[in-house]
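What follows is a short report on a single structure.
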Amino acid sequence: MTTDSAIQYDSVMKLALERGFYFPSCEVYGDAQAGFWEYGPSGVGLKNKFLQLWRRELVRRDGMLEIDGSQIMSKSVFEASGHLASFADPIVKCTKCGLTYRADKMISETADVEIPESAELEEFDDAIIKNHIKCQKCNGEFGSTKKFNMMFRVGIGPEGEEAYLRPETCQSIFVDFPRLFKTMRGKLPLGIAQVGKSFRNEISPRQSLLRLREFYQAEIEVFCNPQHLDKMNNFDEIQNTILHIQTGSDPDSMTCKEAVESGVVPNYFVAYYMGLLVEFYEKTGIDVEKSRFRKLGEKEKAFYAKVAFDFEVKTSVGWLELVACNYRSSYDLSSHAKKSKEKFEVMDGEEKVLPHVFEISMGIDRSLYTILEHSMIYDKEHERTVLSLKPYLSPIHVGVLSLVKKDGLREETDQIYQKIRRKYDAFLDHSGAIGRRYRRLDEAGAPLAITIDHQTLEDQTVTIRKRDSMEQERIKISEIDSILSEATSFP
RNA sequence: GCAGUCAUAGUAUAGCCUGGUUAGUAUUCGGGGUUUCCAACCCUGCGACGCGGGUUCGAAUCCCGCUGACUGCACCA
């Protein structure tokens, strides 16, 4: 297959729109807002299978617990988590040209005065007046500093009591931790996972799935005893898995074991989960040779993180952050313990500990985009676009086609389709030229197609055609189930 | 949020400057035919001027506002 490797964002977007992967929300209305997208049937198929793989490779593999928490959470949760105070940027607006600056950055650049972003708003105003700071563009005066909080506030009940849409899914995991540890008979280290939607009022959402205001996260919080970070029983499973880690300007390749021994990754515990993560992404079809763990500097890290690595993948729009790995220490549990006055300590053997948390926070939408971009191929030789998804992730496992619809072939095809449709994602198609139907399936990512022809009626065999190689093989109808089962099963 | 560019069927586009036909083309899609294993061909059908207002006898076309998309800046705990 001769291919053109340079698949761009535009091509993915077009495919997504044409084949029902995703499209703008509320698009029939003129007042639809940016940052909201919907998944169509193909997108949901891919997403569900992606999550199935995530469960297999992370949740089940490591014996984690999965929960499903509320999207709306009380004010106290975000007072404790720090989001009400810190998940906000101080901004100032020029009264003349309307240009908005981030106050702390603008002041440190123009006047060389450092004010932490969490400072009182008056401090920013004072600094602007004292240093006679004017708008860099039009020399206009600034208005007073305001806080822009990225959380969506909602009103509960007739009185509209204050609550928020969660800006990250993990807070439910933290507040549920004491009950889960007790009732599920937890032992450290304990992973708790959750898939769901999070909401952030982004200033400028862009590029469809890449920056949304409402988005899916798959988060894992691993609770651990901070004294035992170098005791990982299963470490040998991933010790030779290759990580690309960037601490300076270029990424270095090393095994998980080497990463710890050289001190690039602080301990076996963190390296173990980085290894699991890479093994997971490799199975999604994303090219992990184009990935890196980028160690974040002090200024880039989230307010709760002690050590942070972003897992990033190279795409046509640059390096894309798919996963944030944060060592959150006991920040969250101690904050919730203090605010709620509940006890969050647990027993680890004979020892009573307040667990530390290592977080693997995955952006699902961005991951799905990257899978599409890395899987999309233009086959020059045959003038076709192929979505070469892993068979177990494909929204359609198999096309079921009649070579022609007359002479009883339609009925025979319908029967075979009926037989397999409950077990596999099968797509029935009778209309048009056979080649056109194959191309359509190629674009939708279906790895296999079964074609029923005149010979089928005589000897109960069908043709099975492979998407990537376009090879065809004659098989018995009775073999279809076992062949599909093997071809589409998870690794 | 700022600046620039832009917005016409599922997709890609013409028409707009210079207001006036049934809004054209390609492809896709549905139905039918023909052929039968890789986007062929023939017939036929469905399908669009982002939203709101203004100017005008008349607006896809001119003007204003909004919304969105793209690019750059800023932002992205």
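So that the names make sense, note that chain A is the first sequence line, chain B the second, and so on, each numbered from 1.
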Does the structure show a Watson-Crick or G-U wobble partner for [N], both distances under 3.5 Å? Name it, or say none.
| N | value |
| --- | --- |
| B/C46 | none |
| B/A12 | B/U25 |
| B/A39 | none |
| B/G20 | B/C57 |
| B/G1 | B/C73 |

Nucleotides 59-67 of chain B: protein proximity per nucleotide (B base, S sugar-phosphate only, - neither; heavy atom, under 4.0 Å): --------S
Nucleotides 4-14 of chain B: protein proximity per nucleotide (B base, S sugar-phosphate only, - neither; heavy atom, under 4.0 Å): ------BS---
Report all side-chain donor-acceptor pairs from residues 214-222 of chain A shorter than 3.5 Å, counting only partners two or more places apart or in another chain.
{"from": "A/Glu214", "atom 1": "OE2", "to": "A/Lys197", "atom 2": "NZ", "distance (Å)": "2.7"}
{"from": "A/Gln217", "atom 1": "OE1", "to": "A/Thr169", "atom 2": "N", "distance (Å)": "3.0"}
{"from": "A/Gln217", "atom 1": "OE1", "to": "A/Ser198", "atom 2": "OG", "distance (Å)": "2.7"}
{"from": "A/Gln217", "atom 1": "NE2", "to": "A/Ser361", "atom 2": "OG", "distance (Å)": "3.4"}
{"from": "A/Glu219", "atom 1": "OE1", "to": "A/Thr169", "atom 2": "N", "distance (Å)": "3.0"}
{"from": "A/Glu219", "atom 1": "OE1", "to": "A/Thr169", "atom 2": "OG1", "distance (Å)": "2.5"}
{"from": "A/Glu219", "atom 1": "OE1", "to": "A/Cys170", "atom 2": "N", "distance (Å)": "2.6"}
{"from": "A/Glu219", "atom 1": "OE2", "to": "A/Ser361", "atom 2": "OG", "distance (Å)": "2.7"}

For atom [atom1], what is the distance between [N] and [M], given to the nearest Å?
| N | M | atom1 | answer |
| --- | --- | --- | --- |
| B/A3 | B/G19 | C1' | 31 Å |
| B/C62 | B/G20 | C1' | 14 Å |
| B/G45 | B/G52 | P | 31 Å |
| B/C38 | B/U21 | P | 48 Å |
| B/G47 | B/G54 | C1' | 30 Å |

Over all strands shown, is [X] touching base, sugar-phosphate only, or nothing at heavy-atom distances under 4.0 angstrom?
| X | result |
| --- | --- |
| A/Pro167 | base |
| A/Glu27 | nothing |
| A/Tyr9 | sugar-phosphate |

State which of [options] makes the closest approach to the side chain of [X].
| X | options | result |
| --- | --- | --- |
| A/Glu443 | B/U71, B/A39, B/C37 | B/A39 |
| A/Thr463 | B/C70, B/C37, B/C29 | B/C37 |
| A/Ser204 | B/U71, B/G1, B/C38 | B/G1 |
| A/Ile203 | B/A39, B/G1, B/C37 | B/G1 |
| A/Leu403 | B/U35, B/U28, B/C37 | B/C37 |
| A/Ser431 | B/C37, B/G30, B/C76 | B/G30 |
| A/Arg465 | B/C73, B/A40, B/C38 | B/C38 |
| A/Arg211 | B/C76, B/C73, B/A39 | B/C76 |
| A/Glu202 | B/C73, B/C76, B/U28 | B/C76 |

Give a yes/no on whether any side-chain N or O of A/Lys406 is located under 4.0 angstrom from OP1 or OP2 of B/U35. yes
Can you tell me if A/Arg436 touches the phosphate of B/U28, counting only side-chain N or O atoms and a distance under 4.0 Å to OP1 or OP2? yes
What is the distance, to the nearest angstrom, from the [atom1] atom on [X] to the [atom2] atom on [N]?
| X | N | atom1 | atom2 | result |
| --- | --- | --- | --- | --- |
| A/Arg384 | B/C37 | CZ | P | 18 Å |
| A/Lys466 | B/C38 | NZ | P | 18 Å |
| A/Met151 | B/C75 | CE | C1' | 18 Å |
| A/Leu409 | B/C37 | CG | P | 13 Å |

Which residues within residues 320-327 of chain A lie with some heavy atom under 4.0 Å of an atom in RNA chain B? none
Can you list, by residue number, the residues of residues 448-458 of chain A that have a non-hydrogen atom closer than 4.0 angstrom to RNA chain B? A/Thr451, A/Asp453
Could you pull out all donor-acceptor pairs under 3.5 Å where a side-chain atom in residues 395-413 of chain A meets a protein atom, sequence neighbours excluded?
{"from": "A/His397", "atom 1": "ND1", "to": "A/Asp425", "atom 2": "N", "distance (Å)": "3.0"}
{"from": "A/Ser402", "atom 1": "OG", "to": "A/His430", "atom 2": "ND1", "distance (Å)": "2.7"}
{"from": "A/Asp407", "atom 1": "OD2", "to": "A/His454", "atom 2": "NE2", "distance (Å)": "2.9"}
{"from": "A/Thr413", "atom 1": "OG1", "to": "A/Leu409", "atom 2": "O", "distance (Å)": "2.6"}

So OG of A/Ser76 and NE2 of A/His336: to nearest 0.5 Å the spacing works out to 10.0 Å
Which salt bridge (charged side-chain N to carboxylate O under 4.0 Å, His left out) pairs, counting each pair once, include a residue from residues 315-339 of chain A, with sequence neighbours left out? A/Glu79-A/Lys339, A/Glu168-A/Arg328, A/Arg328-A/Asp332, A/Arg328-A/Glu359
Only pairs at least two apart or in different chains count here, so list each salt bridge (charged side-chain N to carboxylate O under 4.0 Å, His left out) that has a residue in residues 7-26 of chain A. A/Arg19-A/Glu443
Is any N or O donor-acceptor pair between the side chain of A/Arg206 and the base of B/U71 shorter than 3.5 Å? yes
What pairs of donor and acceptor atoms, side-chain ones from residues 23-40 of chain A against any protein atom, are under 3.5 angstrom apart with sequence neighbours left out?
{"from": "A/Ser25", "atom 1": "OG", "to": "A/Glu38", "atom 2": "OE1", "distance (Å)": "3.0"}
{"from": "A/Tyr39", "atom 1": "OH", "to": "A/Asp365", "atom 2": "OD1", "distance (Å)": "2.6"}

Minimal heavy-atom distance between A/Val313 and A/His374, with the atoms involved, is CG1-CE1, 3.4 Å
Closest heavy-atom pair and its distance - A/Ala308, A/Ala305: CB-CB, 4.3 Å
Just do the ring-ring contact (aromatic ring centres under 6.0 Å, His included) check on A/Tyr424 and A/Tyr417 with the steps written out, would you? CA-CA 10 Å; A/Tyr424 303 98; A/Tyr417 172 66; over 10 Å; no
Does either side chain, that of A/Arg465 or that of A/Thr451, offer a donor lying less than 3.5 Å from an acceptor on the other one? no
Using distance alone, with no hydrogens and no angle criterion, decide if A/Gln246 and A/Asp250 have a side-chain donor and acceptor under 3.5 Å apart. no
side-chain hydrogen bond (donor to acceptor under 3.5 Å, both in side chains) partners for A/Asp125, two or more places apart: A/Thr145
Across all chains, not counting sequence neighbours, the salt bridge (charged side-chain N to carboxylate O under 4.0 Å, His left out) partners of A/Arg153 are A/Glu162
Qualifying residues under salt bridge (charged side-chain N to carboxylate O under 4.0 Å, His left out), relative to A/Arg166, sequence neighbours excluded: none
Can you spot which of A/Phe293, A/Phe311, A/Trp54 makes a ring-ring contact (aromatic ring centres under 6.0 Å, His included) with A/Tyr281? A/Phe311
Might you work through the side-chain hydrogen bond (donor to acceptor under 3.5 Å, both in side chains) test for A/Gln460 and A/Ser478, ending with a clear yes or no? CA-CA 8 Å; A/Gln460 297 288 299; A/Ser478 56; over 6 Å; no
